[in-house]
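The next block holds one structure in the form of structure tokens; read it before the comments.
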Amino acid sequence: MSSSGIVFSIIAICAILGGLMMITLKKVMHMTVAMILTYFSIAALYVLLTAEFVAVAQVLVYSGGITILMVFGIMLTYHKAENRDEEKVSSFRKLITFLSVATLGIVSYFLVAPVDFVAEEIFVGDHTKAIGEILYTNYIIPFELVSILLLVALIGAVLLAKKDKEEANE
Amino acid sequence: MMNEIMTSQPSWLNVLKFTGLGVALILVVILFVTYAILAERKVMAFMQMRPGPNRIGGKLGILQTLADVLKLLLKENITPKSADKLLFLVAPVIAFAPAFMVMAVIPFSENVTFANLNVGVLYYVGISGLSIIGIVAAGWASNNKYSLLGGMRAAAQMISYEIPLVLSLLGVILLTGSMNLNDIIKAQDNVWYIFTQPIAFVIFFIAAIAELNRGPFDLVEAESELVGGFSTEYTGFRWAIFMLAEYFYLFAMSSLITVLFLGGWQPVMFLGFIPGSVWFALKFLFVVFLFLWIRFTFPRIRADQLMELGWKVLLPLALANVFITAIIKEIFFR
Amino acid sequence: MSSIPASSFLLLAIILFCIGLYGALTKRNTVVVLISIELMLNAANINLVTFSKYGLTPNLTGHIFSLFVMAVAAAEAAVALAILIALYRNKPTILIDEMDDLKH
Amino acid sequence: MIRTEEMLLNVGPQHPSTHGVFRLVVKMDGERIIEATPVVGYLHRGTEKIAEDLLYTQIIPYTDRMDYLSAMTNNYVYCHAVETLMGLEVPEKAEFLRVISMELNRIASHLVWWGTNLLDLGAFTPFLYAFREREMILNFLNELSGSRLNYSYMRIGGVKWDAPPGWIEKVQDFIPYMRKQLAGYHDFVTGNEIFLNRVQGIGKYTAEDAFNFSLSGANLRCTGASYDVRKDDPYSIYNRFEFKIPVGENGDAFDRYMVRMKEIEESINIIEQACEQFPKEGSILGKVPKVIKPPAGETFVRIESPRGEIGCYIKSEGKTKPYRVKFRRPSFHNLQILPKLLVGESMSNLVAILGGIDIVLGEVDG
């Protein structure tokens, strides 16, 4: 096994471990911390796929995102018995869900297993620059649309979360 | 270096080589941290007209920090009874690990760069944001109300300051046309970015102080308000790890400012015969001194004012800076 | 580099996607459900990036699409959290199956 | 604002910013304070009760320990009360020494307040600057009374010691130095943008509120009400000196800060005049009987301490021990407005407001 193979195995194990911990742990805070492992492993995976910019963007977006989720987890569940939510989901439902998800996984495995493309050096040089150039030429319209989407989401989120008038008067 | 690891065959020699380099860097940084703490105390003492540490290691207190570290190592590691034990243990690690990871991309001289990433700047910003998770986790896991408030403040502060920080960098990146830190230094051959991007420098510096959680933005610890903030319940070496992370970031952030705005290892004109690493060290120490100076001069800002400053002043300024830089570059430097 | 087969990346993506799906279906805490959905999107991203290096016509489009996915995920999370706050104000719960009232 | 769970936070009795063992139970929603309840009494020593079982002269050291930052004024108010009760005449020289020492003490007290208040606001350095000047004043008072903090310098009918040779000259030399340093303080702190943001508009109340809560000292004068016992009900020899009563306008923490800073200036003016007029000759103790036994009756006197109007009530039944001693302790009264000020403020403002009120726990708890 080459060194990249070893690195891949470690990363994959970390990612899966984080995911499994996310499902099994009880407290929201623990889950979010477990997810850091997964998100970070995925970023490492991108580096392995020579997608440094995507990897860094992943870390940048999710380090902020996780922090926010943590804050929400604390704000909305602090002091409450967090494992209350586990009891109510019946183990039957869990089993059914697990079986169907597992089936999906196995089916897709057989779809994916024969895939055997060869990795090619898609671009020699500065990936980041190339991504920027493509974004501003071929994909300029989707790019602008995404920025509008983000702006709309921002405004919408602010409006939704804003204090109600009567509540402010209270 | 990154690609070297990827392509090289796995061998014990390689493992040794890379581990050795990592250990060497960590030793250099720890040496810096030891003396940064001493320097901080000495500078503070000088500004406050007192002698400062002067008992251990002669009149200058050269061994003071070592003694302090020894003391912290010998102290009991107390875990509060109602704390979340696992997260309480893990949080210092989450806070510390990124502090060391960011060192990898910083070019300390012409030849010494550990990873010549083409997204160096973004790498730094992204990774350093991870530390906040450790701080929030520590605040929550301590099960102390002051810690919790400190952790929440950390999250709010990070969100308000990350954005102006990144946006102020855009001006520099625009002028360089690269996010590679080595390229950024090379682009400052003639004139440093502090002169061509003064607004970006000011925004970056303010946001950097907030990012470092140092005075006047040390709301996360705010000992007069929140006792010790997120680290209230931490003792002994776990607390030391948090402090270590803080000073690692001081090192990294000062290096980054040196690289981005002060020309890194580029010499001042006519003085090219002095090696680049010396220039880097000089500029770097100046930036560290600035951080210390500001810390001892200003009172602490209030949490809501801090966010107001971040969102209402720094963010629009940073956006305007990007806009103006883009226009100027388009017109004059095409 | 080429020693890792493309299928191993895809397999990892499948596993993560399944974990995310399972979490989204069984968890009741809205914050956790959100995390699970993000995990599924991430799994899709792995595929996109993988195929931009492997495949018949490898190019940077995969990178670009994964960036778009991230932006959309961020927007989604922001709106979801805002809705969560709005709901929480009416009814102090973050359990997703207790939020089934159309009107408070 | 999301209605998250309210949090009950005990600020103190061990907290860096409560200036002693003061406890504040605050109910918080996030960082916003919904309700604040001060809990006092951790430092209660029963001074007034103890005084009932002591000879009149023995009570003086107990008054030092009340407001330990300005022991001179405490000494004075007690001695003044006994003197009024007995109708004693105090020699001029003693009065001059009393005024100089009290005003020096006022400056020292305000310097401690200045340093600690800024320490609360997160500025560490001013604290050490303030203590440099305070150290000099403490040295003066040490030379005068033999003690640095709990002076017990005043005696019924006069003072304990005469000024040592050259002492008045040393104090006179100190005056220009202190003026220079004060200007430096203003350069260093008062114009600082962050500082202004932290204190302007914080903890605001009107003169009416202040009167209703019976606030006094800088806490009252910051609202614009000009009331100072030294002017309005002159005691000792204050009517011989020219000084102004600084007042504020808005009644916020910044005005309290400015009023105190200006008071330091006025104290310097008083000391300057007192040193010039200082009589070279004369006794320092009036004609005091060997056994102090005030005639039956009661009296109440009040003076201006650094923290406000400090009063002393004594009821005598003609014995060697008082029947009842009661102090009106300004810190205790000033503290009463705190719960009203804190509602709706953040944790950061809590320390700014508490620091701005300038309480001394020894005095609050008696």
Side-chain angles (χ1 to χ4, degrees), chain B residues 40-41 43-52 139-140 143-157 206 209-210 213-229 232 292-309 312-313, chain D residues 4-12 14-19 26-33 115-133 135 187-190 192-202 257 345-355:
Chain B
E40 176 156 29
R41 294 176 66 177
V43 169
M44 174 160 71
F46 167 71
M47 287 179 181
Q48 296 171 347
M49 299 155 305
R50 45 196 187 90
W140 181 80
N143 204 355
N144 176 313
K145 287 159 186 171
Y146 291 117
S147 304
L148 185 73
L149 283 175
M152 299 295 253
R153 279 183 178 188
Q157 191 169 326
I206 294 173
I209 300 171
N213 291 333
R214 294 176 66 80
F217 299 108
D218 55 343
L219 295 159
V220 175
E221 287 168 50
E223 65 168 26
S224 64
E225 294 159 24
L226 300 183
V227 189
T232 307
L292 301 185
W293 189 7
I294 286 172
R295 179 179 173 181
F296 306 132
T297 310
F298 292 111
R300 185 179 303 114
I301 198 165
R302 209 170 61 215
D304 54 330
Q305 288 165 351
L306 175 121
M307 304 222 227
E308 221 161 84
L309 181 70
K312 292 188 185 165
V313 181
Chain D
T4 43
E5 256 178 81
E6 282 161 12
M7 193 161 81
L8 210 61
L9 189 63
N10 264 312
V11 183
Q14 286 96 17
H15 186 279
S17 294
T18 49
H19 301 275
V26 287
K27 207 190 260 177
M28 308 186 82
D29 176 11
E31 279 224 18
R32 209 169 61 98
I33 295 168
T116 51
N117 187 26
L118 284 161
L119 201 60
D120 291 346
L121 295 176
F124 183 36
T125 309
F127 179 73
L128 289 135
Y129 286 10
F131 268 56
R132 173 185 56 184
E133 271 74 69
E135 193 62 29
D187 282 347
F188 183 33
V189 173
T190 313
N192 188 312
E193 196 68 29
I194 297 176
F195 169 75
L196 291 179
N197 278 330
R198 282 300 297 276
V199 290
Q200 270 175 347
I202 301 300
Y257 171 90
E345 299 288 356
S346 66
M347 190 68 194
S348 313
N349 282 352
L350 182 147
V351 289
I353 292 170
L354 185 62

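Residue numbering restarts at 1 for every chain, and letters A, B, ... go by the order of the sequence lines.
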Heavy-atom nearest pair, B:A303 first then D:S348, reads N-OG, 4.2 Å

For B:L149 and D:L9, which heavy atoms make the closest approach, and how far apart are they?
CD1-CD2, 4.3 Å

Given that the side chain runs from C-beta out, which part of [X] has a heavy atom under 4.5 Å from chain B: side chain, backbone, both or neither?
X      : value
D:F127 : neither
D:N197 : both
D:V189 : neither
D:T125 : both
D:L354 : neither
D:L350 : neither

Taking side chain as everything from C-beta outward and backbone as N, CA, C, O, which of these in [X] sits under 4.5 Å from a heavy atom of chain D? Side chain, backbone, both or neither.
X      : result
B:R153 : side chain
B:M44  : side chain
B:Q48  : both

So CZ of B:R300 and CG of D:L118: to nearest 0.5 Å the spacing works out to 11.5 Å

In this structure, CZ of D:R198 is separated from CZ of B:F298 (nearest 0.5 Å) by 14.5 Å

Is there a side-chain contact between D:Y129 and B:M49, using heavy atoms and a 4.5 Å cut-off?
yes

Would you say that B:R302 contacts D:I202 through its side chain, given a criterion of any heavy-atom pair below 4.5 Å between the two side chains?
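They are in side-chain contact.
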
Matching residue for D:I194 among B:I301, B:L309, B:L306 - test: side chain to side chain contact (heavy atoms under 4.5 Å, CB included)
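Per the side chain to side chain contact (heavy atoms under 4.5 Å, CB included) rule, the option paired with D:I194 is B:I301, out of B:I301, B:L309, B:L306.
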
When only pairs under 4.5 Å are counted, which of D:G122, D:G355, D:A352 shares the most heavy-atom pairs with chain B?
D:G122

